[in-house]
Amino acid sequence: MGKRSVPRYPEDEDKGGGCCCCLLGCCCFFFLILLALFAGVAYIYYAYNPKPPSYSMNNMAISQFEFSSSDLTLYTKLVASVRAENPNEKISIKFDDGSRTVVSYRGTPLCSGKLPTLVQGPKNITVMEIAMEGRHGFGSGLQGALEESEKEGNVPLDVYVSVPVQLQFGIFDLPRIKVNVHAALVVDSLSPKKKPTIKSATYQGNVELV
């Protein structure tokens with residue numbers, strides 16, 4: 001009696017074909033999304049021609065600058081004028097809540113404040129008056145260095161500004177970003193009896209996603 005042969009069935013040669021088609025479809029989908037994003041960025045660039053805004057500190061008025069020898073603290077109160085220029089013809093800039101400004105001398109904070117909330121329209125120059133005050137520890141070593149700087153007429157100050165902003169393209173608002181600006185100033189004096197003159201200023205900035 002002969003051996004019964006076991007019937008063979010054809011193997012499913014397309015076993016991995018479905019996965020390959022699915023992977024190919026996903027790749028095409030993501031490619032189309034990237035293409036749409038690039039097209040949107042290109043449209044915004046050519047339609048709105050975005051330009052970076054510029055910021056500078058025009059002047060500063062000091063109303064109080066009092067050193068306390070009993071607890072080695074310094075109380076400072078001043079108003080700084082910041083000039084903000086939006087050169088864009090079709091883009092508005094919205095300054096949101098949560099901003100912070102700090103003035104420091106040799107790494108020691110003197111006073112702090114915040115920017116006003118506002119919407120700066122296209123092709124607009126706005127001068128913001130920023131009121132700042134604060135009382136901070138100020139040792140005798142810093143006091144001596146400041147007096148020497150005052151005599152030389154070269155007082156180095158660091159001004160730090162951090163503000164959440166939104167760019168508005170017509171009716172579209174982009175996600176909020178945080179703009180950080182560091183201004184390194186040299187003024188001739190910090191006396192309330194004399195309006196300080198800004199002798200030099202250099203600016204650096206960066207942007208963070210929030």
Side chain to side chain, Arg83 and Ile125, heavy atoms closer than 4.5 Å: yes

Test item: side-chain donor near acceptor, Glu85 and Tyr55, under 3.5 Å: no

Joint cluster assignment, Val159 & Val102, ILVMFWY side-chain distance < 4.5 Å: no

Test item: side-chain donor near acceptor, Ser162 and Arg100, under 3.5 Å: no

Leu209 vs Ile177 side-chain heavy atoms within contact, under 4.5 Å: yes

Short side-chain donor-acceptor distance under 3.5 Å, Ser189 and Ser191: no

Distance in Å, Phe95 CZ paired with Ile93 CD1, rounded so as to fall on 0.5 Å steps: 5.5 Å

Between Asn180 and Asn206: side-chain donor-acceptor atoms closer than 3.5 Å: yes

Any Asp96 side-chain heavy atom under 4.5 Å of Arg176 side chain: yes

ring-ring contact (aromatic ring centres under 6.0 Å, His included) contacts in which one or both residues fall within residues 122-161, not counting sequence neighbours: Tyr160-His182

Leu146 side chain near Leu190 side chain, heavy-atom distance below 4.5 Å: yes

Same cluster (ILVMFWY, side-chain, under 4.5 Å), Leu72 and Tyr75: no

Side-chain heavy-atom pair Val82, Ile130 within 4.5 angstrom cut-off: yes

Pair Ser99, Asp97: side-chain N/O donor-acceptor within cut-off below 3.5 Å: no

Heavy-atom closest pair, residues Thr76 and Cys111: O-CB, 3.8 Å

Separation of Asp71 CG from Ser69 OG (nearest 0.5 Å): 8.5 Å

Stepwise side chain to side chain contact (heavy atoms under 4.5 Å, CB included) check, Val103 with Thr101: CA-CA 7 Å; Val103 176; Thr101 61; over 6 Å; no

Beyond-backbone contact of Met57 with Ile198, side-chain heavy atoms, under 4.5 angstrom: yes

Same cluster (ILVMFWY, side-chain, under 4.5 Å), Met132 and Met128: yes

Note, Val155 side chain near Val186 side chain (heavy atom, < 4.5 Å): no

Nearest heavy atoms of Lys123 and Pro87, plus distance in Å: CD-O, 3.2 Å

Verify same cluster id: Val165, Leu174 (apolar side-chain graph, 4.5 Å): yes

Shortest non-hydrogen separation from Leu185 to Met60 and the atoms involved: CD1-CE, 4.1 Å

Reported CD-to-CZ distance for the pair Gln143 and Phe67, which is rounded to 0.5 angstrom: 4.0 Å

Nearest heavy atoms of Arg135 and Ser68, plus distance in Å: NH1-CB, 4.3 Å

Over all atoms of both residues, closest heavy-atom pair of Ser92 and Gly121: OG-CA, 3.8 Å

Inter-residue atom distance Asn88.CG - Lys51.NZ, 0.5 Å rounding: 7.0 Å

Atom pair CG/NZ of Leu110 and Lys77 - distance to nearest 0.5 Å: 15.5 Å

Short N-O contact, Asp188 and Lys194, less than 4.0 angstrom: yes

Heavy-atom pair of closest approach, residues Pro122 and Lys90: CB-N, 4.0 Å

N/O donor-acceptor pair under 3.5 Å between Asn58 side chain and Ser81 backbone: no

Hydrophobic cluster membership, Val181 vs Val79, 4.5 Å side-chain cutoff: no

Distance in Å, Leu78 CG paired with Gln64 CD, rounded so as to fall on 0.5 Å steps: 10.5 Å

Donor-acceptor side-chain pairing of Asn154 and Lys199 below 3.5 angstrom: yes

Minimum side-chain heavy-atom gap Tyr105-Pro156 below 4.5 Å: yes

